[in-house]
Amino acid sequence: RAKKVIALDIDPRALDYIKEQIQIVGDWSKNIEPRLTPADVPNLVNEEADVVLIVNTYGFIPNKSDYLPRVLKGIKPGGKLVIVDFKSGNIPVGPSDEFKEETSMVIRTLKKAGFKAMKKDEKSLEYQYIITAEK
């Protein structure tokens, strides 16, 4: 339904995979733009995105205090950031706890970056939480 989907990744192989899938599924996926990005820069133009979705990578983002304000700038007024990531503790999937953050810490970091109206959902997914924040 989106006019444009920007698929950001730090790994060129992941972007190659996305390009291969676009070729397989055909025209309905022509609105997907794979974009290589450094780990510490979201690589979005100011107010480019309606929604930014970060899945299972939040704990790996270096220097979140610089990164998240840049994400905020890339989101249009009234837009949202959605973070889906692994819960801490002994679960059978995901990275080690050193790469996980408690939802309270994520929300605190988002507030410092300028995001508003945070909602957290720790029940819908068995091993992950969902945090939604607004610009």
Side-chain angles (χ1 to χ4, degrees):
R1 293 184 187 185
K3 290 180 184 176
K4 181 178 180 181
V5 175
I6 303 166
L8 298 170
D9 208 299
I10 64 171
D11 185 348
R13 294 172 298 178
L15 296 176
D16 288 343
Y17 176 78
I18 291 169
K19 290 174 190 172
E20 290 169 10
Q21 297 307 304
I22 289 170
Q23 291 173 352
I24 291 168
V25 298
D27 287 342
W28 72 265
S29 63
K30 296 290 186 198
N31 64 341
I32 299 173
E33 177 190 328
R35 191 182 292 176
L36 187 63
T37 188
D40 60 345
V41 179
N43 203 7
L44 293 170
V45 175
N46 285 350
E47 298 184 358
E48 181 176 23
D50 295 306
V51 178
V52 172
L53 174 64
I54 299 174
V55 180
N56 297 340
T57 56
Y58 182 82
F60 297 98
I61 297 170
N63 203 358
K64 293 173 188 66
S65 61
D66 288 338
Y67 186 87
L68 291 171
R70 290 175 177 166
V71 170
L72 185 66
K73 287 179 183 177
I75 298 173
K76 293 177 184 177
K80 295 182 181 187
L81 168 64
V82 179
I83 298 172
V84 179
D85 219 318
F86 290 102
K87 298 173 183 174
S88 297
N90 188 17
I91 57 175
V93 294
S96 64
D97 273 357
E98 72 179 293
F99 296 107
K100 298 175 188 172
E101 284 194 35
E102 295 292 332
T103 55
S104 60
M105 184 60 172
V106 175
I107 288 172
R108 197 172 315 134
T109 305
L110 290 171
K111 283 181 182 176
K112 285 182 184 177
F115 284 93
K116 303 172 188 167
M118 263 65 76
K119 295 178 188 175
K120 70 177 179 176
D121 176 353
E122 297 179 289
K123 296 183 180 183
S124 292
L125 302 172
E126 187 173 0
Y127 302 119
Q128 296 153 296
Y129 59 79
I130 303 167
I131 296 177
T132 304
E134 296 179 7
K135 179 168 185 175

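Residue numbers count from 1 along this sequence. Note: hydrogens, waters and symmetry copies are ignored here, and every other heavy atom, side chains too, is used. Source: prediction; values computed, not measured.
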Between the main-chain N or O of Gly89 and the side-chain N or O of Asp97, is there a donor-acceptor pair closer than 3.5 Å?
-> yes

Distance (rounded to the nearest 0.5 Å) between Lys80 NZ and Glu134 CD = 5.0 Å

Taking side chain as C-beta onward, heavy atoms only, is Leu81 less than 4.5 Å from Ile54?
-> yes

Sub-3.5 Å donor-acceptor pair from the side chain of Asn31 to the main-chain atoms of Ala2, do we have one?
-> yes

Treat each ILVMFWY residue as a node, draw an edge where side-chain heavy atoms are under 4.5 Å apart, and state whether Ile107 and Ile83 are in one component.
-> yes

Are any non-hydrogen side-chain atoms of Pro62 and Tyr67 less than 4.5 angstrom apart?
-> no

Would you indicate whether the side-chain heavy atoms of Val82 and Ile130 approach each other to under 4.5 Å?
-> yes

Indicate yes or no: at least one non-hydrogen side-chain atom of Asn43 is less than 4.5 angstrom from one of Ile6.
-> no

Joint hydrophobic cluster, Val84 plus Val52, side-chain heavy atoms closer than 4.5 Å = no

Nearest heavy-atom contact between Val41 and Arg70 is CG2-NH1, 3.4 Å

Tightest non-hydrogen contact, residues Lys64 and Gly59, listed as NZ-O, 4.0 Å

Identify the two heavy atoms, one from Ile61 and one from Ala39, that lie closest to each other, and give their separation to 0.1 Å.
-> CG2-O, 4.4 Å

Does Glu47 reach the side chain of Pro77, with side-chain heavy atoms less than 4.5 Å apart?
-> yes

Residues, nucleotides or ligands: over 12 heavy atoms within 6.0 Å of Tyr17 OH = no

Kindly give the heavy-atom pair with the smallest separation between Tyr58 and Asp85, and that separation in Å.
-> N-OD2, 2.8 Å

Could you tell me whether Lys87 and Glu102 have a side-chain N and a carboxylate O separated by less than 4.0 Å?
-> no

Might you point out which heavy atoms bring Lys135 and Ile75 nearest each other, and give the distance in Å?
-> NZ-O, 2.6 Å

Side-chain contact, heavy-atom cut-off 4.5 Å: Leu36 with Asp9?
-> no

Honestly curious: do Ile10 and Val71 fall in one hydrophobic cluster under the side-chain, below-4.5 Å linking rule?
-> no

Working to the nearest 0.5 Å, report the span between OG1 of Thr103 and CZ of Arg108.
-> 10.0 Å

Just wondering, do Ser124 and Tyr129 contact through their side chains at under 4.5 Å, heavy atoms?
-> no

At what distance, to the nearest 0.5 angstrom, does CZ of Arg13 lie from CD of Glu20?
-> 12.5 Å

Taking the side chain as every heavy atom from C-beta outward, state whether Val5 and Ile32 have any atom pair closer than 4.5 Å.
-> yes

Which atom pair, heavy atoms only, marks the closest approach of Leu68 to Ala113?
-> CB-CB, 3.6 Å

For the side-chain contact (heavy atoms from CB on, under 4.5 Å) test, which of Leu44, Asp50, Asn46 pairs with Glu48?
-> Leu44

Rounded to the nearest 0.5 angstrom, the NZ-OG distance for Lys120 and Ser104 is 6.5 Å

Does a side chain donor of either Gln21 or Ser29 reach within less than 3.5 Å of an acceptor in the other side chain?
-> no

Near-ring test Tyr127/Phe86, centroid separation under 6.0 angstrom | no

Roughly how far apart are Leu72 CG and Lys116 NZ, rounded to 0.5 Å?
-> 8.5 Å

So, are Lys100 and Glu98 salt-bridged, with charged N and O less than 4.0 Å apart?
-> no

